[in-house]
Each structure stands twice: as C-alpha cells, then as structure tokens.
Amino acid sequence: MPVHVLLEGTGPQIPAHLTRIPISLITTSTDVTDKIVKGKVVHKGPLVSLNDDNFILKMVIQEEDSMPNSSSQNSSVNVVLFGSLAKNFNQSANQGDVVAASGFTVGKSPTVHKDNLHPCNLLLTEDGACIYVLRPVLPNPRSPPANKRRSPLSAELSLAKAPKYTYAKLDNLKAGSVVNVYGVVVFFKQPFKSRGTDFCSTLKITDQSNEKIGCTIFCEKPEDHPKIFQNGDIVRMHRVKAQVFNKSITLVNTFGFSVVTFGGVEGALVEPRTSSRSFHFDQDDQRTVEELRSWAASQALLASVTSTVPLSAVQPKAYFDLTCQLLAKAPIDSTCTLLRVWDGTRCPHTLLKVIVDPHVTEGQLSFSKERENLIADVLVYDNHVEVARQLKPGVFLRIFNLRAIPGSSQVRGLTSSQLQVDHLAFHLHGGTSYSRGIRILPDNTPDVQELKRVIEAFHENDEKALSEINDSDLLEVWKTPPESLDGETVDCSTERSCGHDMQTVTLSEVKRSGPGRVHHVRAQLKAYEPHRLHEALKLYCSKCKSMQDIPDDELLESIFSEASKDCGPCSPPPWTLSGQVSLPRHAPGPSNRALTVYLLTQLMSEGKIKDVILLMGSTLEEMCQLMASYQNIIPVRSSGGHLSLLDLSAPFLFRGRKRYYGCKRCSEAAVRELSAEGVEMIDEKIIAEALGIQPLQFILLMKLELQDATDRLDVFLWRHAESFFGVSAEDASANQEAQNSICQIMDSLCPPGGNVGQHPWLDLCLMAYQAEDDDGQTKTCYQVCHTTVVKPSSE
DNA sequence: GATTAGGATTTG
C-alpha cells in the first residue's frame, strides 16, 4: 500500500535516500527523482469515484516549516492522487495531517488562476508514488510504553504538562461532584438561545452502564457547544457538574468545561470535533471511543432513534431528518424563511414550490428542469429563521425533525395561486421540541461525502460535467457554490420611465396573465439574440407594417453591377444637366473612370451644386467614394432611354454614411423633379417624397431571454429599443460610436462568459400583446417598453 | 462564579 502512516519517533520512517525539496522550488522541469515534499494538508477534497475502482482525490498541502531557500510564496501546492492511492489516502489521512510525498510527477496546475497556489501540481499515481502520513505520538500519561524510545523534546514537555484525566461511569455520578465523562448521545438539541446570556444545548448520553443521563450545556457561543450531528455520536466532556433535578442526576457544564465529539460509526476514523484550540487525546481515548462505538452497535441503540431519510423516501405526514445541500434561500416574512435544498434524490410526491421575489433570493435563481425536480422547498419558522439567516447557499445541512405535510396547507403571506395543489410541503416548525433545528455539516463528515457522491452523479448524468479523468478541475464541479448574490442590495441596470404605478410581478405571473396587459418585472438577462448588431437592425415600413433585413453589401454590389450594364443613351430630364465626374485616383478599377451624373439645375442656380446628384453606372464602391463629395446621391440607371431608380432592394439615397431604403410594396418610385425651392436643407424625407418612395425606418429588434426565480420569458425589444439604448437605430446603422454603445450595454447586461446569477438585475416594463406567428397561430408576445438603461459605468 | 433549561411535535 503506497500510503504509510508513520508515527513520529517510532517504527518505520521515511526512507533515507529521499531528500526534501521546498515546494516553492518545484517547476515542471525539476528532477524530482528521490525527492520528497512535506506539508500540512490544508484542504482535503472528497474521494471522487470516476468509475469502478478508479478514484481521484485532490488536496492542498502547505509547507509549514521554513525550508532553506524557500520563499513564502508558492508554499502551497495542489496534489492529485489517483486510483487506490486516492482511496487509501482518503481512509488514512485527514485535513490537518502532515504528509510527505515521493515518486510524484509535476504537472501544470489548471487552477492556478483560480486558487493562486503554486503554478504546478503534484500528481501521484499507484505506480511509484508514495505518501507518508506523519502522526505525532501522543503521550499516554497513565501507561507509557515500557519500550518507549527517547521521544522528541516537544513530546516530553507535553508529557510533563499533560493532565491526567479520569472518566466517571454514568451510573456512578455523585450530586455536587465535578467529573469528566464519556457517553453515547441518545438525544440532543442543537444549541438554542436561552432567555439568559448563553446558548443552551441539551443532550442525553449513555454508556455501558446503560444509565441515561441528561446534560445541559450553557455556552455563549454556539461553536463551543458539543458538535453533535446525530444520535450515536460520542461525546467526551470535561468538568461537568452532577446535579439532582426531578430526583435524577443531570450534568451541567462548569468552569473550564470542554467537549469533544466523535462520530459513532464503528470502524470509522476517530476524528475529534471540537472548537478547542488544544485538547488532549491519547490512545486510551481512542480505545474508549472504539469501545463505546462497538457497545452502542451491540445494543442497537441507534436503530430506534435515527430518522435520516432521503427525499426519495419521504413519507407524507412523517417527521424526519434531512441531510441536504442548500441551493438558495429567501425570506418570506419575519417569521418564515424559504430554504431550497436538494439531496440528489427525487421525491416521488409532487413538492410544494414557493414563489418568491427574485431580488430577495440568495443563491441561484433558477435551475434546469431536471434539477428543479429534485429541489425541495423547506419553510422554516420562528427561531429557525435566525439560524437560516446565517446560512450560505452551497452549505451542507442536516435539518432535524422536518415535517412533510401533504395537501394544500396555506402559507401565510402567499396567495393560493402561488402554491401548487396536491403538494407535499416541508415545514420546520418553530421551537426545539424533538430536536427541531438546523445544523451545518462540515464537508468532511461521512454523510456529506456520501451526499456529494450522489449529487456529483447527478451532475455527471445530467450536465455531463465530468468528462476528463485527468482534469483536476473536475473536482471543483460539486464544490462550485451556487451562483450567489450574497444578499447584497440589488442595483438595477435599467429603470422604468412609464409612470405606471403597479407592483412588480414574477415572470411566471406574467405568463399566467393573458395579453393586453402591462407588467412590471424584475429579471435578469439570461441571453439575447442576435448577437451581431447588424442582424438586430431591421427595416420597417410604417405603412404596410412589414419588416425586412438590411441587405448586405454583396447584394447591393450585384444590384449596382446589374444596373450599370444598362447605361445606354438616355435623355436627361429637363430639370437636370448631365455631366461627368472622375473618381479619385486611388480608386480601384479602371483608372480615371468617368461616371455620368445628373445635376439639378435649380440647385446649380443657387450654388448648391453638391447638395444632390443623380449618379449612373457606378459600382457600390465608387458610390461610397463619392459620398465624401456630395451630400445626397441618388443612384439611377438607364431604362429604355429614360432615367429610372434602381431596384428598391438597394438604397434610394446615399447621404453621408447613411443609406436610405424604400418599401417596395408601398412606393411608386420614379425619377421625378426635386423641388427644393425654399427648402433649407435637402434631406431623405424630401427626396423620398419627391421620388414617390415610402421610406423604410431603421429599427432595432432583439429577442431577450429574461429569467427570475420563477420562470424564463422571451420578450422583444423593439418599439422602445431606441429609448432603451439611448441610441437611434438610424445612427446605429451608420455610426460606429452608436454601435459600440449598444454592444457595451448588451455586454454589461449579459456579460459574455459569466454566469447568469451574476448578471445585473433589470427593472422592466413589459407589454403583453397578441400576435400571429408564421403559421397564422395567435400567441402572446411581450415587448419591453418605457425602459431605459442606466448608463453602465465606463470601464 | 448569576442566569439560562430541565426533551416529549404545530400559527404557518
């Protein structure tokens, strides 16, 4: 077995041919043959089962002592163990242990940018790698081993100071005496606030004497209380006082009280749980815990008192304990908080879903349908609200004495429409009767490890998260906390300007109410399309209500090219003068090509020769070159000896960088005299009118996918898009700055690559209306209206 | 070196 547990100063030691190398000196090109690294396990990940008999485990070790030549930087390194090495290590070592490793290979750490640890990681596989767990020998004050070798100085000091503890049996407690005791927990309450200054926890313990003794612990801080997770746990208490109450002996903590708790499962690691900075623990303690474990198992003590049940096995009306992960939470009112939890199993009953405002929700707001089916909404009341307030999404919990209530019980403050009928509701009633309470379980507890495996299997199946065996990132999959808002006040990136006075509703409520209404919602932008701005720009005819894409340059080139083929003799209209322009020299194509233009005589007489010209036979490119010289250019062609306009797929007018289009259906286009008399400036409107053209409007059209805690909703941003962005669509069609502005806004509302939970919140006014889709089916559509982006801070 | 609580299902 390549995992060796070595006791300091005794028995086998690290082979002498291995020399230690400081972690900070390791690079991918370092020769690590016969080298060893040493450090404390500051993080031990779970044992991840990849498939049958293949495991992976990640840990972080930190060099504790200052090695010569080592800098304080990069003294922590990711270590990845594979196969049976991972499995054995998981059983043999714990966070806090000092370990040494040899026979490893050095890889690049894929998480260096995330964890800021060493740029390399150490990879340990079964073939050749060894890991040594270095355990100090704790001195045994009562019976030092006869053959004990000279122990390190520190151990001798500790020996001299080590107090000698004796433990009273529970059937031998004398009233008034202060004693130390061991016991198996048969009942316990989580610490709760007493009416005095302290938190109070009550427990009942027993031992081989079979005496059951109640204990009451008062401590100011909950963390100083016994860390009991379930019945069967074993507690060791120092300095508790025996008192008589109701003719029975009870134990109450006194000065100098300390407590250590151990899991009660036979054969499991004896791992002390305590908030004490230092505590005594020796081989006698180890033996005592093991004896109590096996005694408890033989008594079947726990069979009657444990009631931890997965969601898949929950019975209606039953009280049970639930081990789960918190995904999100939201306050309902001052006496009730919603906890959204899961344990990776699916409850066969329809579960109550409580709908809450997304802006008061902490944690992820919405989940995949598959995952949503696994999520239980737990309502916790009264004294548990304060405990719930301190929970962060992502933590693992055990909820004690949770009640599954079938039927349609009402939740105060929620309308009946917010509850599903025929559901199973989970309530954690107020009070502490029957151990009612919530406890955070540390990640390293066996039940949490098991839960993680189940959850991870869900990720694996449902989200295909685990794909590569050797990517140590995969270990982070289940660890990634749910997207969290951290309960911060939400600043919205948009504001309504409609002046409606109405309550904000959820997206699911919007969906439930029909068309013809206006709603105020608060939501996040999950996605939008199109992403390319030019695809969001459309041409819209206000007369026939048609909408079309803006033709691309390729199409325009072909129209121009087609039109230039037919430039035979053409009698100019009487209100024009024909002439030639030559293109600037740097123009591509035939050099000094001359193009036919028609100038307006009236404008010539006014000295406004460059205000409008009709241009014939040019390419698109040439047209664009001439834009610098003329304010308005109308492309024309010869058709049967007369001047006519180009196909209306092409712009009827080029004006500055802008191109103006007409509606094919609604225009009666022809080259007609432009009357510009008394007109200050000739613009697209005057020209369109003169040419009989129904102009098309530039519009912006986007589909936004909104989400809040309750639902997702596709809405259009169209009629109010210009005021939304503070940019005109026409400007966006021609002006880089306007385009950048829109793109920046979309990036800020829906940052590329980020997770949706972190997208900014948007206060929106939505209009629900009926529209016909392509198949002639009427459906309800939604548009954002009267909403403006609050300018994102420039970065 | 005080006081708290002293198990024992619920408003929802």
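Letters A, B, ... mirror the listed sequences (proteins, then strands); counts begin at 1. In this text, all values refer to a predicted model and were calculated from it rather than measured experimentally.
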Mind calculating the distance between [atom1] ([X]) and [atom2] ([N]) to the nearest angstrom?
X	N	atom1	atom2	result
Phe320(A)	dT9(B)	CZ	C1'	14 Å
Leu352(A)	dG12(B)	CG	C1'	12 Å
His429(A)	dA8(B)	NE2	P	15 Å
Gln190(A)	dG7(B)	CD	C1'	14 Å
His384(A)	dT10(B)	NE2	P	11 Å
Leu379(A)	dT10(B)	CG	C1'	14 Å
Asp377(A)	dG12(B)	CG	P	19 Å
His423(A)	dG12(B)	NE2	P	13 Å

Pair Tyr165(A) + His238(A): ring centers closer than 6.0 Å: yes

Backbone N/O of Val252(A) and side chain of Gln243(A): donor-acceptor pair under 3.5 Å: no

Salt bridge (charged side-chain N to carboxylate O under 4.0 Å, His left out): pairs with one or both residues in residues 235-245 of chain A, sequence neighbours excluded: Arg236(A)-Asp285(A)

Closest-nucleotide ordering on DNA chain B, the 5'-leading residue of Asp382(A) and Tyr434(A): Tyr434(A)

Distance between P atoms of dG1(B) and dA5(B) (Å, rounded): 23 Å

Inter-nucleotide P distance (dG6(B), dT10(B)), Å rounded: 14 Å

Euclidean distance, Ile399(A) CD1 relative to Asp321(A) CG, rounded to 0.5 Å: 9.5 Å

Test item: side-chain donor near acceptor, Gln707(A) and Ser366(A), under 3.5 Å: yes

Salt bridge flag under 4.0 Å for residues Arg273(A) and Asp233(A): yes

Where protein sits on nucleotides 1-6 of chain B, one letter per nucleotide: B base, S sugar-phosphate only, - none, heavy atoms under 4.0 Å: B-BBBB

Lys/Arg cation over aromatic Phe187(A): Lys204(A), 6.0 Å, 45° cone: no

Sugar-phosphate only, base, or nothing, as touched by Gly431(A) at under 4.0 Å among non-hydrogen atoms: nothing

